[in-house]
There are 2 protein chains.
Amino acid sequence: MNTENAKSQMRKGMLEYCILLLLHKGPAYASDIIQQLKEAQLIVVEGTLYPLLTRLKNDRLLKYEWQESTQGPPRKYYALTLDGEEFLRHLDSAWNELTNTVSILRNGIATEPTLS
Amino acid sequence: MNTENAKSQMRKGMLEYCILLLLHKGPAYASDIIQQLKEAQLIVVEGTLYPLLTRLKNDRLLKYEWQESTQGPPRKYYALTLDGEEFLRHLDSAWNELTNTVSILRNGIATEPTLS
DNA sequence: AAATATACTTTGCAATACAAGGTACTGAAA
DNA sequence: TTTCAGTACCTTGTATTGCAAAGTATATTT
């Protein structure tokens, strides 16, 4: 059992939430998303992201538009659909419940959340 | 895409953390754990818990002792090993990073964490 | 003895993160 | 023109894990 695997498992499901959160602020294409997640301390690779974006699109939570780039091939800019916005609110609730659960279970643990 | 599945995915990995958090407070057997998790708003079923406990034991993060019950068959009381305590601290860090990531991405989202 | 309750276990399936490798388009250098 | 490098998108195979469902074993009650 290594820590990396545990962290990877922890991120399951969270990643979907994080991507919807990110796209809620505005459209972005894959490299954009990877970069912004990295700035939020979440490392994601292409092989994870592309299938996820495709799945969310097929589920009508995301839509995309092709847009030309001044440097390189055209890009798929993804954005939330109305269904996606609604689904995001459900995930907000689920996230709140989870953090609530952890804070209940953490009682007695001497570990404060770090701020950096 | 249904919300239940998304929530289930979100819990992946979290569950391991929650169980270690819980056992950090003291030994417990399976039904205990399910009950305490339910009180912390996390529904878990036997088919999920038992294989997880076995895995954590095989990884030397948990140990157990048989203990007689006044009512029914004997129970396996699980407790953290020293390795388990150390691993829990790693998971604390991972959890802190995740909540930090989400709070960064949530900027601009008009959803406050609920307190109940 | 049979039935019920409690506790532990196993099997099979679906979902998903990830590594690794591949395709396609663009523009610049040789 | 051809070649190369950079950017962007996509696919395949694997391991892990939550869960439903069914099974096994022990103890108590009827």
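So that the names make sense, note that chain A is the first sequence line, chain B the second, and so on, each numbered from 1.
- With A:T101 contributing its side chain and B:A40 its backbone, the two residues share a donor-acceptor pair below 3.5 Å.
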| note | Per-nt protein contacts along nucleotides 18-30 of chain D (heavy atom under 4.0 Å; B base, S backbone sugar-phosphate only, - none) come out as SBBB----BSS--
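- Applying the 4.5 Å side-chain rule to ILVMFWY residues, one finds B:Y77 in the same cluster as B:Y29.
- Between A:L20 atom CG and A:L62 atom CG the span is 6.0 Å, to the nearest 0.5 Å.
- Counted by atom type alone, B:R55 and B:Y50 present zero donor-acceptor pairs between their side chains at under 3.5 Å.
- Counting to the nearest Å, the C1' atom of C:dC25 and the NZ atom of A:K76 are 14 Å from each other.
- Side-chain nitrogen and oxygen atoms of B:Y50 include none within less than 4.0 Å of the OP1 or OP2 phosphate oxygen of C:dT9.
- We find that OH of A:Y78 is positioned 14 Å from P of D:dA8, with the value rounded to whole Å.
- In this structure, the CD1 atom of B:I34 is 11 Å from the C1' atom of C:dC8, given to the nearest Å.
- For C:dC8, the OP1/OP2 oxygens have no side-chain nitrogen or oxygen of B:Y29 closer than 4.0 Å.
- Here the side chain of B:T48 pairs no donor or acceptor atom with the backbone of B:V44 at under 3.5 angstrom.
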| Criterion salt bridge (Lys or Arg N to Asp or Glu O under 4.0 Å) on A:R75 and A:E68, from CA distance to verdict | CA-CA 6 Å; A:R75 301 162 174 173; A:E68 306 254 325; over 6 Å; no
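- In this structure, B:E65 atom CD and C:dC8 atom P are separated by 14 Å, rounded to whole Å.
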